[in-house]
Amino acid sequence: MNLPEMNEQNAQAGTVLNTYQVAYDRAAIEQYLARSGEPMEPYVHNGVLTVPPGMYLGAYARLIHGTFHYEAGVHTASEMEVYSCPDEGGLATVSGEIVRTFERNGDKYVAFTVRVSDAGGRLLAKVEHTSIYGLRSRA
């Protein structure tokens with residue numbers, strides 16, 4: 001896929017990021033729990049497996065890297081609000097937009113929102129994410 005380069009001109013505030021869908025099925029949840037080292041039991045309620053909220057944090061990477069090309073990709077901060085953790089088996093839509101780009105100490109940053117919604121459009125989580133997309137020269 002040929003993506004535009006991440007820069008201040010292409011990623012102005014309000015720029016919509018490429019929406020995608022993700023399955024929060026049992027296989028995805030088990031894979032997430034295995035990677036994170038978390039047990040499954042806290043996410044089982046009345047015998048039904050629910051989506052761990054930590055899965056929402058990982059939604060940022062595909063959202064930004066599926067919209068822009070950049071080399072660095074250094075995570076610096078995330079602030080997440082969780083509204084609901086649905087039962088396993090659902091599809092979620094991940095969307096968002098650029099909040100701002102800025103420079104600090106020669107590094108180039110992008111701040112953007114990530115919204116995770118269920119198939120009915122109900123907001124499950126919102127993440128404000130910031131990462132470095134261009135590292136200053138170390139020479």
Side-chain angles (χ1 to χ4, degrees):
M1 180 186 316
N2 242 353
L3 297 173
E5 179 183 341
M6 168 69 79
N7 59 43
E8 295 85 0
Q9 293 75 36
N10 291 338
Q12 295 181 11
T15 300
V16 176
L17 302 174
N18 292 336
T19 299
Y20 71 92
Q21 288 193 313
V22 61
Y24 287 129
D25 58 14
R26 179 171 286 271
I29 294 170
E30 288 175 351
Q31 182 180 28
Y32 167 80
L33 293 173
R35 278 194 327 258
S36 68
E38 292 183 73
M40 187 177 291
E41 293 74 32
Y43 302 108
V44 176
H45 302 281
N46 299 319
V48 178
L49 180 61
T50 60
V51 176
M55 291 183 79
Y56 301 142
L57 281 175
Y60 81 88
R62 183 172 167 194
L63 186 64
I64 194 73
H65 292 292
T67 305
F68 293 105
H69 171 74
Y70 60 96
E71 298 295 327
V74 179
H75 172 265
T76 61
S78 289
E79 184 176 323
M80 179 171 67
E81 295 177 28
V82 176
Y83 305 106
S84 180
C85 292
D87 297 343
E88 68 165 306
L91 272 179
T93 299
V94 179
S95 61
E97 70 272 333
I98 300 295
V99 174
R100 68 186 177 121
T101 56
F102 60 98
E103 192 170 317
R104 181 182 303 146
N105 298 322
D107 294 322
K108 295 182 179 197
Y109 290 76
V110 61
F112 56 98
T113 60
V114 179
R115 283 183 298 284
V116 182
S117 304
D118 68 11
R122 177 178 58 132
L123 188 61
L124 302 174
K126 181 179 176 186
V127 182
E128 298 289 338
H129 180 78
T130 304
S131 64
I132 297 172
Y133 72 88
L135 295 168
R136 68 183 173 272
S137 173
R138 303 295 192 236

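Contact annotation: the side chain of Thr50 never approaches that of Pro86 to less than 4.5 Å [non-hydrogen atoms, C-beta and beyond]. Looking only at side-chain heavy atoms (C-beta outward), Glu30 and Met40 come within less than 4.5 Å of each other. Thr93 has its side chain within reach of Thr19: a pair of non-hydrogen atoms, C-beta onward, lies under 4.5 Å apart. The shortest side-chain heavy-atom distance between Glu128 and Val99 falls under the 4.5 Å cut-off. For the pair Val110/Ser131, a side-chain contact is recorded, criterion being any heavy-atom separation below 4.5 Å from C-beta on. For the pair Lys108 and Phe102, the minimum side-chain heavy-atom distance is 4.5 Å or more. Side-chain contact between Val48 and Val44 is absent, with no heavy-atom pair separated by less than 4.5 Å. Residues Tyr133 and Asp107 fail the side-chain proximity criterion, which asks for heavy atoms closer than 4.5 Å.
When every heavy atom of Ile98 is checked against every heavy atom of Ala11, the shortest pair comes out as CG2-O, 3.3 Å. Residues Cys85 and Val51 approach most closely at CB-O, 3.2 Å, considering heavy atoms. Contact detail for Gly66 and Leu3: the closest heavy-atom pair is O-CD2, 3.6 Å. Taking all atoms of both residues into account, the shortest heavy-atom contact from Ser78 to His129 is OG-ND1, 2.9 Å.
Side-chain contact, Glu88 with Tyr43: no donor N or O sits under 3.5 Å from an acceptor N or O. Side chains of Ser84 and Arg122: a donor on one and an acceptor on the other come within 3.5 Å. Side-chain polar atoms of Thr113 and Arg115 form a donor-acceptor pair below 3.5 angstrom. Defined by atom type and a distance below 3.5 Å, a donor-acceptor pair is present between the side-chain atoms of Glu81 and Tyr83.
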**OP:** Begin with the C-alpha distance, continue with both residues' side-chain angles, and end with the deciding distance and a verdict on side chain to side chain contact (heavy atoms under 4.5 Å, CB included) for Val114 and Leu57.
**Re:** CA-CA 9 Å; Val114 179; Leu57 281 175; over 6 Å; no

Subject >> Stepwise side chain to side chain contact (heavy atoms under 4.5 Å, CB included) check, Gln31 with Arg35 >> reply: CA-CA 6 Å; Gln31 182 180 28; Arg35 278 194 327 258; 3.4 Å; yes

**OP:** Using the side chain to side chain contact (heavy atoms under 4.5 Å, CB included) rule, take Tyr24 and Val116 through it: C-alpha gap first, then chi angles, then the decisive distance, then the call.
**Re:** CA-CA 11 Å; Tyr24 287 129; Val116 182; 4.1 Å; yes

Original post:
Could you walk me through whether His69 and Asn2 pass the side chain to side chain contact (heavy atoms under 4.5 Å, CB included) check?
Top reply: CA-CA 8 Å; His69 171 74; Asn2 242 353; over 6 Å; no

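Atoms CD1 and OG1, on Ile132 and Thr76 in that order, are 6.0 Å from each other to the nearest 0.5 Å. Residue Leu63 holds its CG atom at 8.0 Å from CG of Asn18, rounded to the nearest 0.5 Å. Atom OG in Ser117 sits 11.5 Å away from atom NZ in Lys126 (nearest 0.5 Å). Distance check, rounded to the nearest 0.5 Å: CG of Leu33 to CG of Leu49 gives 7.5 Å. Here CZ of Phe112 is found 9.0 Å from OG1 of Thr67. Values are rounded to the nearest 0.5 Å.
Judged by a 6.0 Å distance limit and a 45° cone about the ring axis, Arg104 is positioned over the six-membered ring of Tyr109.
Annotation for Glu79: atom CD does not count as buried by contact number, only 12 or fewer foreign heavy atoms lying within 6.0 Å.
Put simply, Met80 and Tyr60 are part of the same group of oily side chains (I, L, V, M, F, W, Y) that touch within less than 4.5 Å, one to the next. Note on Leu91: it does not cluster hydrophobically with Met55, by side-chain heavy-atom contacts below 4.5 Å among ILVMFWY residues.
Of the possible polar contacts, none joining the Asp118 side chain to the Ala92 backbone as a donor-acceptor pair under 3.5 Å is found.
A centroid separation of less than 6.0 Å is found between the aromatic rings of His65 and Tyr70.
Salt-bridge check for Glu103 with Arg136: failed, with every basic side-chain N at 4.0 Å or more from each acidic carboxylate O.
With sequence neighbours excluded, the residues satisfying side-chain contact (heavy atoms from CB on, under 4.5 Å) with Glu41 are Pro39.
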